[in-house]
Colleague: 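What follows is a structure written as structure tokens; I'll ask about it next.
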2 protein chains.
Amino acid sequence: MSSLDKRTAERGEPSGGSAGPVPKSVAARTLRILDTFDSGHCELSLSDISRRSGLPVATCHRLVGELVEWGGLLRTGGRYRIGHKLWSLGLLSESHHGLAELAAPYMHDVLFLTKHVVNLFVLDGAHALLLERISGTQPGRALHRVGDRLALHASAGGKAFLAYGPPELAKAALANPQRLTPNTVIDPTRLRRELEQVRRKGYAVTLEEAVRGAHGIAVPVTAADGSVLAALGVVTVGTRPRPAAIVPVLQIAARSIAREAGRLAVRGGPAA
Amino acid sequence: MSSLDKRTAERGEPSGGSAGPVPKSVAARTLRILDTFDSGHCELSLSDISRRSGLPVATCHRLVGELVEWGGLLRTGGRYRIGHKLWSLGLLSESHHGLAELAAPYMHDVLFLTKHVVNLFVLDGAHALLLERISGTQPGRALHRVGDRLALHASAGGKAFLAYGPPELAKAALANPQRLTPNTVIDPTRLRRELEQVRRKGYAVTLEEAVRGAHGIAVPVTAADGSVLAALGVVTVGTRPRPAAIVPVLQIAARSIAREAGRLAVRGGPAA
DNA sequence: CGGCGCTTTCCACTCAGTGGAACCCGCCCT
DNA sequence: AGGGCGGGTTCCACTGAGTGGAAAGCGCCG
């Protein structure tokens with residue numbers, strides 16, 4: 001029994017990968033291996049995977065091998081990355097993707113009128129999930145990519161969710177706001193006041209609160225029954241956004257998207 | 001032993017799902033379950049999955065349960081579909097995605113000038129993989145979606161690959177061309193002659209060869225060293241495309257994309 | 001040359017996974 | 001009502017797939 005204790009103790013917590021105890025079922029272990037990949041770690045070595053997953057190397061070796069054979073991971077040199085199988089599989093996720101597709105034309109309109117990068121977010125648990133993005137015409141490195149998850153308190157879209165979503169969501173988000181830049185607002189009372197203002201004015205802004213030099217402005221996409229389907233926003237780099245020019249455009253687009261989504265009338269937005 | 005034979009016989013071939021024998025390893029079985037989903041089957045019931053995978057229901061039930069708990073599948077009613085976990089995971093597949101991102105602005109330009117749906121393909125084995133698509137402004141039913149794989153001999157982008165790619169690729173594709181519509185060209189000599197023409201004129205067309213009523217026109221995206229990086233095309237529905245108006249636009253965009261891609265390829269690794 | 005970190009292979013033990021069978025439930029047909 | 005049907009769910013005794021420590025292989029650096 002002492003050997004068992006030792007084993008568990010030595011394993012310790014995974015260095016920074018997926019949290020939680022090591023799962024016993026093979027399937028869960030396989031999936032945990034996939035979990036070790038995220039936007040900051042899209043290329044991992046075998047031992048990276050082992051460390052981040054908390055699984056023994058030998059086990060990882062075998063499971064990773066199966067994933068590679070399947071096509072879910074691909075191996076280049078001694079490193080692994082997500083393969084095209086998973087990519088095309090993920091695209092079948094109709095859930096929110098229908099919304100992205102339907103919103104795209106209106107997002108183009110916003111791009112055409114404002115010349116800024118246009119973002120569409122849905123609420124995913126305690127994060128704003130970047131569902132669709134229309135990049136501006138100037139080829140530059142993007143701040144965020146489709147599929148990224150942003151903090152609710154530090155993104156314009158996120159603030160829209162906090163302002164118009166259920167109160168318990170805001171409560172949870174204001175509990176421990178992370179500081180991301182010197183400008184991030186982490187004081188709960190000040191955040192609460194900001195949300196009040198969002199509700200009054202009808203749009204949310206962030207000024208270099210998530211990324212230095214980047215400003216955001218967003219409006220909620222509200223369904224007929226008042227629920228928030230999504231958040232639509234633009235990003236400006238360098239210069240501050242001018243609400244007078246941007247907000248009306250966003251609001252018209254948001255209303256069109258909501259109407260279109262309602263017409264589709266299948267089932268509502270993101271599962272909580 | 002007879003019971004074993006009977007079992008194998010009764011199981012038979014999966015009705016139309018993933019081919020090959022039933023794998024013995026748990027991991028492979030789990031992944032096989034994911035394989036039962038494709039663009040034509042994005043919502044499956046448990047017994048659908050069982051049939052298409054060739055795995056017993058009880059086994060599917062358990063594995064699917066784990067996938068749901070993980071977030072890779074999501075259950076609505078009695079049906080399953082791909083969940084957002086797999087979606088965002090798939091987006092980490094850097095492999096070609098950088099190209100899609102860099103091409104997007106130029107594809108917007110093509111949309112703006114031609115008003116047609118714009119497609120960007122890369123070669124994926126013996127298929128043209130739809131990497132990025134800029135849908136037109138009119139919200140309508142899309143013919144193909146990002147992630148779909150198209151036959152090489154029946155799509156404009158595919159023909160571009162056949163015409164400008166390695167000869168063995170064309171050889172393989174001309175071996176057994178599937179008929180998809182009454183207009184599909186399946187005669188190898190005629191196809192070969194068409195490819196000759198593509199090389200001479202610099203662009204490829206399809207006239208209702210993959211989908212009735214839909215025409216395609218595409219040009220190759222050629223790198224400085226002459227290799228074909230991708231194919232860029234537009235789709236017209238109903239009316240035939242007018243090459244004189246469309247091809248120059250496509251070619252300019254293709255050159256820009258190739259140039260941009262070349263610039264990007266210089267830097268070695270994707271820095272974290 | 002010896003040490004270090006990573007990957008790969010091996011193999012005896014054992015427990016997770018298996019899947020047939022029974023059960024439950026909603027639906028349609030008669 | 002009844003009963004047949006096509007799902008989904010639960011159960012459990014059996015067993016071989018999966019496990020993971022250990023050791024060998026490999027490339028790199030000082």
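Throughout, a chain's letter reflects where its sequence line sits, starting with A, and its residues are numbered from 1.
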Colleague: Between side-chain atoms of residues 66-73 of chain B and protein atoms elsewhere (two or more places apart, or another chain), which donor-acceptor pairs fall under 3.5 Å?
Modeller:
| residue | atom | partner | partner atom | Å |
| --- | --- | --- | --- | --- |
| E66(B) | OE1 | S25(A) | OG | 2.4 |
| E66(B) | OE2 | S25(A) | OG | 3.1 |
| W70(B) | NE1 | D35(A) | OD1 | 3.4 |
| W70(B) | NE1 | D35(A) | OD2 | 2.8 |

Colleague: Could I get the full list of side-chain contact (heavy atoms from CB on, under 4.5 Å) partners for R62(B), not counting sequence neighbours?
Modeller: T59(B)

Colleague: Just the table, please: protein N/O against nucleotides 24-28 of chain C N/O, every pair under 3.5 Å.
Modeller:
none

Colleague: Taking only residues two or more places apart in sequence, or in another chain, which ones meet N176(B) in a side-chain hydrogen bond (donor to acceptor under 3.5 Å, both in side chains)?
Modeller: none

Colleague: My understanding is that only residues two or more places apart in sequence, or in another chain, count here; which of them pass side-chain hydrogen bond (donor to acceptor under 3.5 Å, both in side chains) with R75(B)?
Modeller: Y80(B)

Colleague: Sequence neighbours left out, what passes side-chain contact (heavy atoms from CB on, under 4.5 Å) with V57(A)? Give chain and number order.
Modeller: S50(A)

Colleague: Restricting to side-chain hydrogen bond (donor to acceptor under 3.5 Å, both in side chains), what partner residues turn up for T222(A), sequence neighbours left out?
Modeller: none

Colleague: Quick one: salt bridge (Lys or Arg N to Asp or Glu O under 4.0 Å) partners of R149(B), sequence neighbours excluded?
Modeller: D124(B)

Colleague: Mind checking what makes side-chain contact (heavy atoms from CB on, under 4.5 Å) contact with V228(B), not counting sequence neighbours?
Modeller: F161(B), Y164(B), P220(B)

Colleague: Please produce a list of atom pairs where a protein N or O lies less than 3.5 Å from an N or O of nucleotides 5-8 of chain C.
Modeller:
| residue | atom | partner | partner atom | Å |
| --- | --- | --- | --- | --- |
| dC6(C) | O5' | S47(A) | OG | 3.4 |
| dC6(C) | O3' | S47(A) | OG | 3.4 |
| dT7(C) | OP1 | L46(A) | N | 3.0 |
| dT7(C) | OP2 | S47(A) | N | 2.6 |
| dT7(C) | OP2 | S47(A) | OG | 2.5 |
| dT8(C) | OP1 | R75(A) | NH1 | 3.1 |
| dT8(C) | OP1 | R75(A) | NH2 | 3.1 |
| dT8(C) | OP2 | H61(A) | NE2 | 3.3 |
| dT8(C) | O5' | H61(A) | NE2 | 3.4 |

Colleague: Sequence neighbours left out, what passes side-chain hydrogen bond (donor to acceptor under 3.5 Å, both in side chains) with S256(A)? Give chain and number order.
Modeller: none

Colleague: Five pairs per end, C1' atoms only: what is the angle between the end axes of the helix from dC1(C)-dG30(D) to dT30(C)-dA1(D), to 10 degrees?
Modeller: 40°

